[in-house]
*Asks:* 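Starting off with a structure, shown below.
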Amino acid sequence: IPIATKDDNSTRLVHSWPGSLHAYGLEISTGPVVPFRAIPLIAKTGTVPDTHAPFLWMHNIMPMRVQWPTDTRGKEQYISIGAAARSLLVDNKNYVLLRRFSAKEQRRRLTAAPHLARSVNSQFIGLENHLNYVHRPKGSLSEEEVYGLAVLFNSALLDTYFRTYNGNTQVSATELRAMPLPPLEDIVELGKRAMSGCIVNTVDDIDTLIQEALNVDTLALSVHGAAHG
């Protein structure tokens, strides 16, 4: 239940949006690779695209960027593309990647990054089970849609909305599937601006972009995010 004016304003605005993932022919799924069940298939070194594909974990996903490979936590960054692994791999297409969990001290509950198929030379990618990914089952997301959705998911507006209805640190696919979204043309416009030189390196940059593109007063809404910083 909204407990502050800014929460109520955020809820009213988001509920006024006519769209959703399903309305736009999109789906959100959970990464299929459970590491302890795939030990023979994942590795710290590999050759992409010949024998391995990129393998992404939660720590590879930053606000508005995918950092791969990275060895900051000693995690396996590659997954075999052999027959035994094919059922665990997803096609290398345009996706929005989201962390399924967040730390209580994080400024935002939602952390999303655009993944573009052209960013890696691989037919497949591996996604660890602590990631969600937004995709278009009968086709592919455009690059503008990917960037626009990533901007939205990283915004103070949707963070405030999400926190209003979710008191824990888990980000489930069910909740994101039900979340209202603005018109698709507005999402595409967000994406175009993000891809055309608008700086979105910080959450404050993201909120500025939301304010300009959607005419949303993010100053009032971002107080919620700052309170958890």
Side-chain angles (χ1 to χ4, degrees), residues 1 3 7 10-11 14 20-22 26-39 41-42 44 53-79 88-90 94-115 125-135 141 146-147 149-181 200-204 206-207 221-222 224-229:
I1 299 174
I3 59 174
D7 296 340
S10 298
T11 299
V14 174
S20 66
L21 291 176
H22 279 179
L26 306 179
E27 182 56 271
I28 183 166
S29 302
T30 298
V33 182
V34 179
F36 76 87
R37 295 176 181 168
I39 291 175
L41 305 175
I42 57 178
K44 293 184 179 180
F55 180 40
L56 304 178
W57 302 67
M58 278 208 311
H59 71 267
N60 294 111
I61 307 307
M62 315 292 182
M64 294 306 298
R65 66 187 177 95
V66 177
Q67 183 175 331
W68 181 91
T70 175
D71 58 0
T72 55
R73 300 189 184 182
K75 297 288 190 181
E76 295 83 356
Q77 299 283 286
Y78 300 84
I79 184 167
L88 299 177
L89 302 175
V90 299
N94 294 339
Y95 299 117
V96 183
L97 304 179
L98 299 104
R99 295 185 181 189
R100 286 184 58 207
F101 295 90
S102 62
K104 289 185 178 180
E105 66 272 13
Q106 278 185 216
R107 184 175 180 184
R108 301 283 165 88
R109 282 284 178 262
L110 302 178
T111 300
H115 168 78
I125 59 173
L127 299 176
E128 196 261 341
N129 194 244
H130 288 112
L131 291 176
N132 286 322
Y133 63 104
V134 177
H135 56 104
L141 283 157
V146 167
Y147 267 85
L149 286 168
V151 167
L152 271 172
F153 287 135
N154 282 302
S155 69
L157 176 58
L158 285 192
D159 182 75
T160 300
Y161 178 85
F162 182 81
R163 286 175 186 266
T164 299
Y165 292 99
N166 186 317
N168 59 50
T169 58
Q170 183 171 353
V171 181
S172 76
T174 300
E175 290 168 315
L176 295 175
R177 197 176 288 122
M179 184 177 286
L181 294 173
V200 286
N201 293 330
T202 69
V203 290
D204 293 327
I206 290 167
D207 293 338
L221 300 177
S222 62
H224 189 100
H228 292 78

*Asks:* Say whether, by atom type as modelled, one donor and one acceptor occur between the side chain of N60 and the main chain of V66 under 3.5 angstrom.
*Replies:* no
*Asks:* Please report the C-alpha distance between T70 and H59 in whole Å, then the side-chain angles of each, then the deciding distance to 0.1 Å, and finally whether the side chain to side chain donor-acceptor pair (under 3.5 Å) criterion is met.
*Replies:* CA-CA 9 Å; T70 175; H59 71 267; 5.3 Å; no
*Asks:* Can you tell me if R177 uses its side chain to pair, donor with acceptor, with the backbone of H22 under 3.5 Å?
*Replies:* no
*Asks:* Identify the two heavy atoms, one from T111 and one from P63, that lie closest to each other, and give their separation to 0.1 Å.
*Replies:* CG2-N, 3.8 Å
*Asks:* Search all heavy atoms of F55 against all heavy atoms of E76 and return the closest pair with its distance.
*Replies:* CD2-O, 3.4 Å
*Asks:* Answer whether the closest heavy-atom distance between the side chains of P32 and N129 falls below 4.5 Å.
*Replies:* no
*Asks:* Could you label the plane-to-plane angle of the H115 and Y95 rings as parallel, tilted or perpendicular, counting under 30° as parallel and over 60° as perpendicular?
*Replies:* parallel
*Asks:* Indicate yes or no: at least one non-hydrogen side-chain atom of L26 is less than 4.5 angstrom from one of L149.
*Replies:* yes
*Asks:* First locate atom OG1 of T164, then atom CG of D159, and finally report the distance between them rounded to the nearest 0.5 Å.
*Replies:* 9.0 Å
*Asks:* To check you understand the geometry: which heavy-atom pair defines the closest contact between V171 and R99, and what is its length?
*Replies:* CB-O, 3.7 Å
*Asks:* Counting C-beta onward and ignoring hydrogens, is there a side-chain heavy-atom pair between W57 and H130 closer than 4.5 Å?
*Replies:* no
*Asks:* In the structure I gave you, are the side-chain heavy atoms of L110 and L176 within less than 4.5 Å of one another anywhere?
*Replies:* yes
*Asks:* Between L141 and H135, what is the shortest heavy-atom contact and its length?
*Replies:* CD1-CA, 4.0 Å
*Asks:* Are the side chain of Q170 and the backbone N or O of S172 linked by a donor-acceptor pair below 3.5 Å?
*Replies:* no
*Asks:* Measure across A173 and I28 and return the closest heavy-atom pair with its distance rounded to 0.1 Å.
*Replies:* O-CG2, 3.5 Å
*Asks:* Ignoring hydrogens, what is the shortest heavy-atom contact between V134 and F153? Give both atom names and the distance.
*Replies:* CG2-CE1, 4.3 Å
*Asks:* Keeping D207 on the side-chain end and S155 on the backbone end, is there a donor-acceptor pair under 3.5 Å?
*Replies:* no
*Asks:* Could you tell me whether the side chain of L131 reaches within less than 4.5 Å of the side chain of M58, counting heavy atoms only?
*Replies:* yes
*Asks:* For N132 and L98, indicate whether the former's side chain and the latter's backbone hold a donor-acceptor pair under 3.5 Å.
*Replies:* no
*Asks:* Do the side chains of L127 and V33 get nearer than 4.5 Å, heavy atoms only?
*Replies:* no
*Asks:* When rounded to the nearest 0.5 angstrom, what distance separates CD in E27 from CG in L21?
*Replies:* 7.5 Å
